[in-house]
Number of protein chains: 2
Amino acid sequence: MNVKEIEGTITTPLDFFASGIKTGVKEEGKDMALIYSIVNSEAAAVFTTNQAQAAPVKISREHVEGGYAQAILVNSGNANACTGERGYNDAQKMIEIASNKLGLAAENIILCSTGIIGEYLPMDKIKPGIERAVLNLKENGGSEAAEAIMTTDKYQKELAVKVDIGGEEITIGGIAKGSGMIEPNMATMLSFLTTDAEIDATLLQDALAEAVNKTFNRITVDGDQSTNDTVAILANGASDNEAITEKGDSYHRFVEGLTYICKKLAHLIVKDGEGATKFVTIEVEGVTAEEDAVQIAKGIANSNLVKTALFGEDSNWGRIASAAGAVGVEFDLDKLEIRINGQDIFGPAQQVYNHEDDLLKEPTIKIEVDLNSGDESAEVWTCDLSYKYVEINAEYHT
Amino acid sequence: MNVKEIEGTITTPLDFFASGIKTGVKEEGKDMALIYSIVNSEAAAVFTTNQAQAAPVKISREHVEGGYAQAILVNSGNANACTGERGYNDAQKMIEIASNKLGLAAENIILCSTGIIGEYLPMDKIKPGIERAVLNLKENGGSEAAEAIMTTDKYQKELAVKVDIGGEEITIGGIAKGSGMIEPNMATMLSFLTTDAEIDATLLQDALAEAVNKTFNRITVDGDQSTNDTVAILANGASDNEAITEKGDSYHRFVEGLTYICKKLAHLIVKDGEGATKFVTIEVEGVTAEEDAVQIAKGIANSNLVKTALFGEDSNWGRIASAAGAVGVEFDLDKLEIRINGQDIFGPAQQVYNHEDDLLKEPTIKIEVDLNSGDESAEVWTCDLSYKYVEINAEYHT
């Protein structure tokens, strides 16, 4: 393991600054974050594939295509989604102000918004907010930024890792917000990462896609994908590593570190899922293609019948078998094996095992589904479906 | 409209008999149904595509391939799914007993089971039960059969229609069970139809597939597909219509009647959905392919965020737009229009309309989503997601 987890955040890597301030878009608490590198950085990002993309997603996608960025500006409390031309102009205006105040080209700024869909940004609060966010940039401001991107997450999510690359230690820091929401529609998943590693933008994009694909793309709280989901990374090259310019050992070590931090942040999001009482790992193994394993695992993870059984602590494996079978990936039921927390529950040859009734009492659950038909596997992480989830999403909108 | 709805059931068409009796598999109430035609009938059926198919599904699929059946035997309380070789042998034994007692070839019997997954059938109760079911066959036994296939549906679901075909009136009767479940895993959707029309088995299969595709296949309570779902029809030709042997006017009238009864039964299932407080029609229009409309409508119908908003009576159209956008079908957000119960909520050009807060107070809700990019459309029916759904699926398993 070349990765060492440390207490840290996005300002832990060298030469990054950040701020988290209150503009008043949200009634309470910080609601704007700014992340800044003292030099222009290689940049990469992955965005929601939702057709109803928010204005800032459209703009940021174009900016990141250039391969460089120096700042990430984020507001919470309003998603600026489904807001048409006016919303697009508001987003451009935000970038223009940040560009002036930071003295950066507009295309070197990434913009993200999270919050209610279909309401216009209150620009009278946003404009002075951006100025304050610039003035408040601090060498150790990462935690404040982590706080400011929260909507109603129960806790802030931040982390850093150190990775040895060719004898030099580089640092990757990250923050994330999940989908604990009181005001509805704030289901956006956002994560921002910084690193002082020196790496080409193209490789950075590949590394991010690789890491996200096995981490953020494998969590599900309720199967709903937001209009604003974004994961972005800046690499400012402030550390002394030999520049990563090809997919050799250094690249793979970097990907390992990036995957580690993304996975930890992704797990924190699931643990803070709306109404969650269980953290559930679903591992599907013994298939011929990894994508099949992902599909089956997500089918199980998104089954409301499985999720309510988990909440009810009912080791109802029939629902797991049925959800696996409904996905559309062919398998032989006679070879299917299911284990919960290491205990055999079902199969092979459709054998049913007796089991303890308190198999699901633990807050952390592992469901293993083995199709015994290949060497590929995949893990997906989810939570249960509780009364609280219904309450959060049905009651809190006035 | 060539279809006339009447109070009726599966014994309303000429020369069908049925029974519904108690075997004791379920603690309370009737739990075995038998449907019988006095002559061997053209038969057709559609089954679950779940990979974890129950033993009776496997056997019935083979029997229906022959194009004929004379009886349908159904037990509730135990799905005989994920029960391996023993389960398969038990299902064969059930058919053997029915075959002896009814004096029919085994392959002219369709067998269905619904109930708990992964438990063996208590054959000591099933065997004498089949004998009693045969002895209890009655000319007006349809309602008893409708009662016997219920698991914990709140009410029985039955209906008949009369259709004028070439000057002769034929009758189609139907019963169904939904997914109101107290004992978990009883999520099976079953429907049995009878008709005295004379129609070729191949055309009957086409007609059934056509009707089911636009009705039962377009309802969703929680997106979970069971291991036992079955819709089967027997056509005994007892009426005086000229045999339907080609896809002409008579065939289309028959399909119209069959679609009518399937749609009504499907709606009854949704209305009796677990914890449902709303009956919701989602119509997606203005697309280039009907399949796209179905996909988007199902994406909205299965979104937990949309379903909880409906329960909370919160006309939260942002969740509808987001769920539509997450499906993967491309569309232009600027052209998107959303209406709830006829009232404009969103678009075109991402215009947001003001609306009454009590737009969702009604128990019956229609959501219209218009992509304004084609002439195709589709409707899907669903219900909301309530505390009761979580309670039913989390609490009741001891």
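Proteins come first, then strands; the chains are lettered A, B, ... in the order of their sequence lines, and each starts at number 1.
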*Between CG of B:Asp229 and CG of B:Leu190, what distance do you get to the nearest 0.5 Å?*
7.5 Å

*asked:* Does anything in residues 82-90 of chain B reach chain A? List residues with heavy atoms under 4.5 Å apart, or say none.
replied: B:Cys82, B:Thr83, B:Gly84

*Within the distance-only criterion (no hydrogens, no angle test), does the side chain of B:Gln53 pair as donor or acceptor with the backbone N or O of B:Asn50 below 3.5 angstrom?*
yes

*With sequence neighbours excluded, tell me which residues meet salt bridge (Lys or Arg N to Asp or Glu O under 4.0 Å) with B:Lys298.*
none

*Listed by chain and number, what are the ring pair (Phe, Tyr, Trp, His ring centres under 6.0 Å) partners of B:Tyr387, not counting sequence neighbours?*
B:Phe311

*Take A:Asn75 and A:Leu121 through the side chain to side chain contact (heavy atoms under 4.5 Å, CB included) test and state the conclusion after the steps.*
CA-CA 10 Å; A:Asn75 78 280; A:Leu121 282 173; 3.8 Å; yes

*Under the side-chain contact (heavy atoms from CB on, under 4.5 Å) test, residues paired with A:Asp370 that sit two or more places apart*: A:Glu285, A:Glu337, A:Arg339, A:Asn372

